Amino acid sequence: MGCVNGKCCSRYPSSPDGGSDHCGELRPYKSKHILTQRSLEIVHVSSHKFTLQYSILTQLGYYQDTVERENQDSFCIKTQIQCNPNVHVFGVFDGHGQYGAQCSNFFNDRLVEILSSDSTLLDDPLKAYTSAFLAINSELHDSEIDDTMSGTTAITVLVVGDTLYVANDGDSRAVIAVKNGDQILAEDLSVDQTSFRKDEYERVKLCGAKVLSIDQVEGFKDPNIQNWGEEENEGSDPPRLWIPNGMYPGTAFTRSVGDSTAEKIGVIADPEISVVKLTPNHLFFVVASDGVFEFLPSRTVVNMVAAYTDPKDACAAIAGESYTLWLENEDRTDDIIIIIIQIKALWIPVVGWWCHR
C-alpha cells in the first residue's frame with residue numbers, strides 16, 4: 001500500500017521541483033510467474049545456544065502496462081555483525097516511485113555498513129538503530145538519487161542474543177509466532193504507519209497534509225469525511241497524503257526513507273522500534289513486504305507458516321496465495337519479499353541451569 005497506482009506516484013502530475021552477507025538487488029524477470037528463492041540457511045546464536053533457520057523468497061509484481069518493470073524491493077540478511085556470532089539482522093526494503101529500486105538498495109547497503117561500524121550498537125541498540133535510519137535518510141537526500149517523489153519503506157529485525165529489536169518505517173511488517181498451550185498465536189512486531197492510525201493521522205495533519213482516498217480526490221466520496229474504517233477491511237482505497245494545493249505525492253504510508261516532497265507534509269524517517277525478549281514459546285518470525293500483508297492478515301500468515309515444516313515451502317505457499325489474492329482483487333500484483341526465520345532449540349538460563357524448548 002504505497003503511492004498512488006501501487007508503488008508508483010505517477011497517476012497525478014509530479015511535483016514541480018521535479019559472517020555471511022546476503023543482500024538482494026532484485027532484477028526484472030522474463031515471466032511474471034517466476035518465483036526466486038534461496039536454499040534453507042542456518043545461523044547460530046552461541047550466547048543462548050539456539051539457531052535461526054531461515055529462507056527467503058521474492059516474487060516480481062505484475063502490472064499490465066509494464067510487464068518488464070523492475071522489481072523495486074530488496075532484502076538483506078547480515079549475520080555476525082561486527083564479527084559477533086550473536087548479532088544478526090534481517091531486513092526488507094520496499095521501494096516506490098520512479099527511483100524506488102535505487103532508494104531500496106541504497107538503504108539496504110548503508111544499513112549494514114552503518115551498523116557494522118557503530119561502536120555503540122551493543123551498548124545502546126535503540127539509539128544506534130534510530131541513528132542509522134536517520135543518517136541513511138539524510139544521505140539519500142544528498143545522494144545522486146532523485147528522491148523527490150521516490151523512497152523506500154523498511155522493516156528490519158536486529159537479533160542481539162535472545163532479544164529482537166524491530167525497527168519499522170512504513171507499511172511492511174514483522175510478526176512472530178507464539179505457542180500458547182495448543183494454539184499458535186500471531187503477535188505483530190511492528191505496527192503499519194498509515195493514516196488509518198489516529199496518532200499518525202493527527203501528526204501529518206498538523207504538518208499540513210491533506211488526507212484523502214482516491215475516491216474522495218475524484219469526487220466519488222465526500223472529502224469532509226475523515227474516517228476510513230479499519231485498515232484490513234478496506235481493500236484498495238486507503239487514505240493518502242497530499243500537499244494542500246496539489247495532487248501529489250499520494251503516499252499511503254506516513255513514514256519512509258527518502259520521499260523529500262512528502263517530508264514537507266509530515267512523512268518522517270524516524271523508525272518505531274519494538275523490543276522482544278525471546279522465550280521457548282517463540283517459534284518463528286516473519287519479515288515481509290506489504291505485498292504479502294495487503295490481503296493476508298498477520299494471523300493467516302502465521303497459520304500458513306505453522307502448517308509447514310520447511311520454511312521454503314511456507315514461503316512459496318504464502319507468495320502464491322498473496323499473488324492469487326492480488327489478482328482476485330485488482331488487475332495487478334505488488335512485488336513480494338518474504339523471509340521466514342525459525343527459532344530452533346532455544347535455551348533459557350534459569351538459576352544456573354538451562355531450560356530447553
Side-chain angles (χ1 to χ4, degrees), residues 1-18 63 65-66 69-70 72 94-104 106-107 134 137-138 140-154 169-171 192-229 231 234-270 290 294 330-332 334:
M1 188 191 303
C3 299
V4 173
N5 199 20
K7 290 294 177 188
C8 177
C9 303
S10 61
R11 182 170 174 179
Y12 288 98
S14 61
S15 165
D17 299 328
Y63 288 72
D65 54 345
T66 51
R69 61 181 290 276
E70 183 176 16
Q72 295 184 304
D94 190 347
H96 50 262
Q98 183 177 357
Y99 304 105
Q102 292 94 318
C103 293
S104 170
F106 184 92
F107 192 106
L134 296 179
N137 186 58
S138 180
L140 182 55
H141 290 339
D142 294 335
S143 73
E144 295 181 354
I145 301 171
D146 180 2
D147 71 349
T148 306
M149 298 284 285
S150 299
T152 184
T153 63
D169 266 352
D171 53 5
D192 297 357
Q193 296 150 351
T194 72
S195 293
F196 281 110
R197 281 175 48 177
K198 183 179 179 181
D199 57 341
E200 288 292 280
Y201 167 80
E202 292 177 347
R203 184 179 60 76
V204 297
K205 287 286 284 186
L206 286 174
C207 293
K210 180 171 58 177
V211 183
L212 299 170
S213 68
I214 294 295
D215 280 349
Q216 290 175 310
V217 168
E218 295 183 341
F220 296 110
K221 292 184 178 179
D222 185 351
N224 294 314
I225 298 176
Q226 296 283 279
N227 185 340
W228 299 272
E231 183 167 4
E234 285 301 298
S236 59
D237 190 30
R240 298 178 180 273
L241 278 59
W242 315 88
I243 67 165
N245 299 309
M247 289 294 97
Y248 60 89
T251 62
F253 46 79
T254 55
R255 301 194 190 205
S256 70
V257 172
D259 293 300
S260 57
T261 296
E263 272 193 357
K264 299 173 184 177
I265 52 173
V267 174
I268 58 177
D270 302 62
D290 73 317
E294 180 74 10
E330 300 193 19
D331 59 0
R332 67 178 184 93
D334 199 0

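No experiment lies behind these values; they were computed from the predicted model shown.
- Looking at every heavy atom in both residues, Y248 comes nearest to M149 through CB-CE, 3.7 Å.
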Intermediate values then yes/no, side chain to side chain contact (heavy atoms under 4.5 Å, CB included), N137 and E263: CA-CA 11 Å; N137 186 58; E263 272 193 357; 2.8 Å; yes
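- Contact check for C207 versus V267: no side-chain heavy atoms found under the 4.5 Å cut-off.
- Separating the OG atom in S260 from the NE2 atom in H141 is a distance of 6.0 Å, to the nearest 0.5 Å.
- To the nearest 0.5 Å, atoms CD1 (I145) and SG (C103) are separated by 5.5 Å.
- Separating the CD atom in Q98 from the CD atom in Q72 is a distance of 10.0 Å, to the nearest 0.5 Å.
- Here the CG-OH distance, from D146 to Y99, works out to 5.5 Å after rounding to the nearest 0.5 Å.
- Considering every non-hydrogen atom in both I243 and K210, the closest pair reads O-CE, 3.6 Å.
- Closest of all the heavy-atom pairs between V211 and P239 is CG1-CB, 3.7 Å.
- Every residue two or more places apart in sequence or in another chain that forms a side chain to side chain contact (heavy atoms under 4.5 Å, CB included) with S138 is listed here: D142.
- At a threshold of 4.5 Å between non-hydrogen side-chain atoms, the residues H96 and D259 count as touching.
- Here the shortest heavy-atom pairing between G97 and S150 reads C-OG, 3.5 Å.
- The side-chain heavy atoms of T194 and P238, taken from C-beta on, include no pair separated by under 4.5 Å.
- Minimum interatomic distance between V204 and G266 (heavy atoms only, all atoms of both residues): CG1-O, 3.8 Å.
- Every side-chain hydrogen bond (donor to acceptor under 3.5 Å, both in side chains) that Q226 has, sequence neighbours left out, goes to Y201.
- Put simply, the side chain of L134 reaches to within 4.5 Å of the side chain of D270, judged on heavy atoms.
- A distance of 8.5 Å separates CZ of F253 from OG1 of T152, quoted to the nearest 0.5 Å.
- Applying the side-chain hydrogen bond (donor to acceptor under 3.5 Å, both in side chains) test to D222 and every residue at least two apart in sequence or in another chain returns N224.
- For G258 against L140, the heavy-atom pair with the smallest separation is CA-CD2, 3.6 Å.
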Derivation and outcome, side chain to side chain contact (heavy atoms under 4.5 Å, CB included), residues S256 and T251: CA-CA 10 Å; S256 70; T251 62; over 6 Å; no
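- In this structure, K221 NZ and L212 CG are separated by 12.0 Å, a value rounded to the nearest 0.5 Å.
- Shown here are the side chain to side chain contact (heavy atoms under 4.5 Å, CB included) partners of S213, two or more places apart in sequence or in another chain: D215, Q216, W228, D237.
- Judged as a side chain to side chain contact (heavy atoms under 4.5 Å, CB included), and not counting sequence neighbours, the contacts of D331 are Q64.
- Partners of E200 according to the side chain to side chain contact (heavy atoms under 4.5 Å, CB included) rule, which considers only residues two or more places apart in sequence or in another chain, are Q193, R197, R203, T254, R255.
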